[in-house]
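All values below were derived from every heavy atom in this structure, side-chain atoms included, with hydrogens, water molecules and symmetry-related copies excluded.
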Amino acid sequence: MKQTLENKVPAITMIFWLAKLISTMLGESASDFSTQLFGQTNQTLGELFTVGWSFSLFLIFLSLQMHTNKYQPIFYWNSVGLLAVFGTFSADTLKSLTGLHYMETTLIFAALLIIFFAAWYITTKDLSIHRIISGTQETFYWLTVAATFMLGTAAGDWLATSRSGSYNVDSSGLGLGFLNTGLLLGSLFVMILAYRLIFRPKENSFAEIASFWLAYTLTRPVGASFADYFGYNFDKGILGNAGMTVIGLILFSVAVIILNKDAYQRSLVAHS
């Protein structure tokens, strides 16, 4: 495939990780808010509506990102945010159609992620997370991103869901609840970032790539767990999905503005 002219992925900075967490929080709240627009009696209609608009917009923004010759923060981060919305349904749909438990779907998506890594490396001989300069690399990058969302969704639900006494039960569920799941996985996420910051593994080494994608995967259940906790449980659900969606949109917009400014400044330095 034709090579692009410049790098297509953002620099991995603290604002990168913050934006990723915000995008997953927003995606979870916006997804639930949109699904419930038609009421509990029309749940299927709400789900179809949510999948329809989120998947359509995702394809638009991803297409724009794929057809540019460099990283464009607005296209990249809107693609990530929209993937957070409909990616949830990809994981949930597999469970509902097959009758599998969350533990089983977690293992399936973990295997899918490994398959994408293997195909990526066999095809390109490179798993760089810092420099994506061809269409083939970018395709595998986004397939991997999608797999992390599905894996993160399934794993988060496996940890949080109860085995009984809830509207959403699973016999394999570990019953930690939203808050405990968010705190547990959030602690693991912080430890991984601390490892990357303190020990600074060699760029594109196994440790550097593995720690990046593990942290990337964890942002999904961490962000979603806190979004659900503050939307449903905090102060008897005073914020709700609507309130969390508004908060998420504001925070996400600010983050993208900062990321856009950072990308512009880096571009000036690179071309000076």
Side-chain angles (χ1 to χ4, degrees), residues 7-28 58 61-62 65 71 73 75-88 90-91 106 108-121 126-132 137-159 181-182 184-197 199-227 248 252 255-256 259 262:
N7 191 24
K8 300 294 295 290
V9 291
I12 303 171
T13 61
M14 290 308 297
I15 187 61
F16 168 91
W17 291 115
L18 184 60
K20 183 62 170 63
L21 281 170
I22 293 172
S23 73
T24 60
M25 292 175 64
L26 171 60
E28 179 71 13
F58 169 73
F61 279 106
L62 183 61
Q65 166 67 17
Y71 160 62
F75 299 157
Y76 178 96
W77 287 103
N78 274 295
S79 297
V80 169
L82 289 161
L83 187 56
V85 176
F86 84 84
T88 299
S90 300
T106 297
I108 288 173
F109 290 128
L112 180 64
L113 183 60
I114 293 172
I115 289 172
F116 284 154
F117 280 134
W120 184 354
Y121 185 76
D126 181 21
L127 292 176
S128 175
I129 52 178
H130 303 283
R131 186 166 175 79
I132 302 293
Q137 288 176 312
E138 191 170 19
T139 297
F140 278 114
Y141 178 88
W142 282 102
L143 285 173
T144 303
V145 168
T148 66
F149 272 93
M150 291 184 283
L151 172 58
T153 299
D157 287 340
W158 177 28
L159 289 173
T181 298
L184 175 64
L185 298 183
S187 298
L188 180 58
F189 171 73
V190 170
M191 285 190 288
I192 294 173
L193 293 194
Y195 162 77
R196 290 175 58 84
L197 182 64
F199 294 98
R200 297 186 181 277
K202 183 180 178 181
E203 186 172 301
N204 290 327
S205 64
F206 175 82
E208 205 256 349
I209 292 173
S211 62
F212 170 83
W213 285 111
L214 180 56
Y216 200 97
T217 301
L218 285 170
T219 59
R220 170 59 192 175
V222 172
S225 294
F226 282 116
F252 187 67
V256 172
L259 286 160
D262 179 68

Which heavy atom in A146 sits nearest to a heavy atom in L83, and how many Å separate them?
CA-CD2, 3.8 Å

Can you tell me how the ring of Y216 sits relative to the ring of F212, calling it parallel under 30°, perpendicular over 60° and tilted otherwise?
tilted

Heavy-atom pair of closest approach, residues I132 and W120:
CD1-CZ2, 4.0 Å

Which value, rounded to the nearest 0.5 Å, describes the distance between L112 atom CG and T144 atom OG1?
9.0 Å

Test side-chain contact (heavy atoms from CB on, under 4.5 Å) on I192 and L188 and set out the steps.
CA-CA 6 Å; I192 294 173; L188 180 58; 4.3 Å; yes

Please evaluate residues L21 and F189 with respect to the criterion side-chain contact (heavy atoms from CB on, under 4.5 Å), reporting the C-alpha separation (whole Å), side-chain torsions for both, the decisive distance (0.1 Å), and the verdict.
CA-CA 11 Å; L21 281 170; F189 171 73; 3.7 Å; yes

Is there side-chain contact between V256 and F252, with heavy atoms separated by less than 4.5 Å?
yes

Testing F206, F149, Y141 one by one against W213 for a ring pair (Phe, Tyr, Trp, His ring centres under 6.0 Å), which residue passes?
Y141

CA sep, side-chain torsions, deciding dist, call: L184, T181, side-chain contact (heavy atoms from CB on, under 4.5 Å):
CA-CA 5 Å; L184 175 64; T181 298; 5.9 Å; no

Which residues satisfy the ring pair (Phe, Tyr, Trp, His ring centres under 6.0 Å) test with W158, sequence neighbours excluded?
none

Run the side-chain contact (heavy atoms from CB on, under 4.5 Å) check on L127 and N204 step by step: do they pass?
CA-CA 7 Å; L127 292 176; N204 290 327; over 6 Å; no

Where is the tightest heavy-atom contact between A84 and G27, given as atom of each residue plus distance?
CB-CA, 3.8 Å

Residues forming a salt bridge (charged side-chain N to carboxylate O under 4.0 Å, His left out) with D126, sequence neighbours excluded
none

Backbone of Y71 reached by a side-chain donor or acceptor of N7 within 3.5 Å:
no

Atom NZ in K20, atom OG1 in T217: separation rounded to 0.5 Å?
7.5 Å

Measure the CG-CG distance between L113 and L143 for me, rounded to the nearest 0.5 Å.
11.0 Å

Nearest 0.5 Å please: distance from the OG1 atom of T219 over to the CD1 atom of I22.
11.5 Å

Provide the full list of salt bridge (charged side-chain N to carboxylate O under 4.0 Å, His left out) pairs with a residue in residues 207-222, sequence neighbours left out, each pair given once.
E28-R220, R196-E208

Which heavy atom of L151 sits nearest a heavy atom of T106, and at what distance?
CD1-O, 3.3 Å

Exam field: side chain S225 to backbone V222, donor-acceptor pair closer than 3.5 Å:
no

Could you give the distance from CD1 (I129) to CD1 (I12), rounded to the nearest 0.5 Å?
4.0 Å

Please find out if less than 6.0 Å separates the ring center of W142 from that of Y76.
yes

Taking all heavy atoms of R131 and all of V9, pick out the closest pair and write down the distance.
N-CG2, 4.2 Å

Identify the two heavy atoms, one from A215 and one from L193, that lie closest to each other, and give their separation to 0.1 Å.
CB-CD2, 4.3 Å

